[in-house]
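Atoms within a ligand are numbered from 1 in the order they appear, just like the ligands themselves.
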Amino acid sequence: MARRILFLGPPGAGKGTQAAMLANALHIPHISTGDMLRSAVDAGTDLGKKVESVMAAGDLVSDELVVAIVDDRLDQSDARCGYLLDGFPRNIAQAQALNDAVINAIGTVVLLEVDADELVQRLMKRAAEQGRADDNEQTIRRRLEVYEAETSPLVDHYGDAVIRVDGIGSIDEVFSRIALVLARS
Ligand code: ADP
């Protein structure tokens, strides 16, 4: 069965980790706009040069650029039998663009829930360990604000398709919860 799954949740909720594990288990591509944009920045492409400072500030890259990247990615043959979107859509306009681009609408939306204090702690820890350009205190705060303002309205937008999963616990515990709710959906 083709599965089209979307992961929603604030920065630091563990979306990237859980999305990669789930996509692997379901044999569908994990499409992460954050990863694609970071690769472009690392490779120094034209796109990377355009988005580098916006990402470092914790702001959203323009809808036009991101929608074009996702459109191209969803056109690739491996996405025909389903995919897991991580980090896209990030606002209502992107969700509408996705509906236009994809004939079969998203089936399941997994919302990973983690409270704000825990998010900041996790992101600061990651900042110390990994040195991602946007993991510093000021940018972390900005990314959380952007999530609240721009992305969290998608929870209502997707309504009944949204499955809430508690993101507190070990990676394996959270993964088991996700697998369980998806098996029931
Ligand atoms: P996080 O969820 O931890 O903030 P991501 O890897 O999903 O991490 O995103 C990192 C940055 O990449 C965002 O802060 C933003 O600048 C950019 N980005 C990723 N996806 C999108 C998107 N769909 N629209 C606009 N900007 C995006």
Any donor and acceptor pair, going by atom type alone, linking the side chain of R4 with main-chain N or O of G82 inside 3.5 Å? no
Any chance CG of L180 has more than 12 other-residue heavy atoms, nucleotides or ligands included, within less than 6.0 Å? yes
Could you list the donor-acceptor pairs under 3.5 angstrom formed between side-chain atoms of residues 45-61 and any protein atom two or more places apart in sequence or on another chain?
unit_1: T45; atom_1: OG1; unit_2: A40; atom_2: O; d: 3.4
unit_1: T45; atom_1: OG1; unit_2: G48; atom_2: N; d: 3.0
unit_1: D59; atom_1: OD1; unit_2: R142; atom_2: NE; d: 2.6
unit_1: D59; atom_1: OD1; unit_2: R142; atom_2: NH2; d: 2.9

For ligand 1, list the protein residues that place a heavy atom within a distance below 4.0 Å of one of its atoms, sorted by chain and number. P11, K15, T33, G34, L37, R38, M55, D59, L60, V61, V66, G87, F88, R90, Q94, R126, R132, D134, R143
Hey, are R143 and D135 close enough for a salt bridge, meaning a charged N less than 4.0 Å from a carboxylate O? yes
Considering only NZ, NE, NH1 and NH2 on the basic side and carboxylate oxygens on the acidic side, decide whether K125 and E129 come within less than 4.0 Å. yes
Heavy-atom side-chain contact between R73 and D78 under 4.5 Å: yes
